[in-house]
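Scroll down for the structure; my scribbles are underneath it.
Here the structure is a predicted model, which means the values were calculated and not measured.
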Amino acid sequence: MEITAQMVKELRESTGAGMMDCKKALGEANGDMEKAVDILREKGLGQAAKKADRIAAEGVTATYVDGNTAALIELNSETDFVAKNDKFQALVATVVKAIAQAKPATMEEALAVKVGDKTIEELILEGTTVIGEKLSLRRFEVLTK
């Protein structure tokens, strides 16, 4: 099956992966979009595992207030440039809001909080794959008035 530029664009927009990675995945999947997403996901997990031993010491802190509950998180990246990235900022906003709403007590509970059909841990792993740097939730605090 011929892989068109439109197919690559569609896969890239839905996954956030690079153009060449999308083209290769579509080639391996013979144009099947769902199989290509699975291939990219598997490849992403491999890339994320390679980055697991890196140090993520830069990043941002973020707050979210909802009524009488406030959450404060520190989400780290390897470089300060990534911390300014729109995708990273969107991930931070999603994570801090989910933590404020779920009110977890431990890091394990926080990483297991569901956001849609994914956990925070899966979102961070996906962010590592898309952004290309190790990302990690370093700490958080939930306060209630």
Q) How long is the gap from CD1 on I120 to CG on L75, to the nearest 0.5 Å? A)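 Spacing of CD1 (I120) from CG (L75) equals 9.5 Å.
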Q: Hey, could you give me the CE/CD distance between M7 and E2, rounded to the nearest 0.5 Å?
A: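 CD of E2 is found 9.0 Å from CE of M7.
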What I'd like to find out is whether the side chain of [X] reaches to under 4.5 Å of the side chain of [Y], using heavy atoms alone.
X    : Y    : result
L137 : I73  : yes
L125 : L135 : no
N76  : V60  : no
F140 : L72  : no

Q) Sequence neighbours excluded, which residues qualify as side chain to side chain donor-acceptor pair (under 3.5 Å) partners of K114? A)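 For K114, no residue satisfies side chain to side chain donor-acceptor pair (under 3.5 Å) once neighbours in sequence are set aside.
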Tell me which donor-acceptor pairs under 3.5 Å the side chains of residues 97-109 have, and how far apart each pair is, sequence neighbours excluded?
unit_1	atom_1	unit_2	atom_2	d
T106	OG1	E109	N	3.2
E109	OE1	A105	N	2.8

Q: May I ask you to decide whether E74 forms a salt bridge with R139, counting only side-chain N to carboxylate O separations under 4.0 Å?
A: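 Yes, E74 and R139 are salt-bridged.
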Side chains of residues 24-34: which donor-acceptor partners sit under 3.5 Å, not counting sequence neighbours?
unit_1	atom_1	unit_2	atom_2	d
D32	OD1	E34	N	3.0
D32	OD1	K35	N	3.3

Q: Return yes if some donor-acceptor pair links the side-chain N/O of E121 with the main-chain N/O of A112 below 3.5 Å, else return no.
A: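 No; judged by distance alone, with no hydrogens or angles, the pair does not exist.
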Q. Can you tell me if S136 uses its side chain to pair, donor with acceptor, with the backbone of R138 under 3.5 Å?
A.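 Not at all, since once roles are kept as given, no pair shorter than 3.5 Å links the two residues.
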**Q.** Worked check of side-chain contact (heavy atoms from CB on, under 4.5 Å) between V8 and I3
**A.** CA-CA 7 Å; V8 173; I3 308 303; 3.8 Å; yes
Q | Partner residues of E141 under the side-chain contact (heavy atoms from CB on, under 4.5 Å) criterion, sequence neighbours left out | A |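 Counting only residues at least two positions away or on another chain, E141 forms a side-chain contact (heavy atoms from CB on, under 4.5 Å) with L143.
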Q: Just grab all the side chain to side chain donor-acceptor pair (under 3.5 Å) pairs involving residues 61-70, residues at least two apart or on different chains.
A: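 Sorted result for residues 61-70: empty, none.
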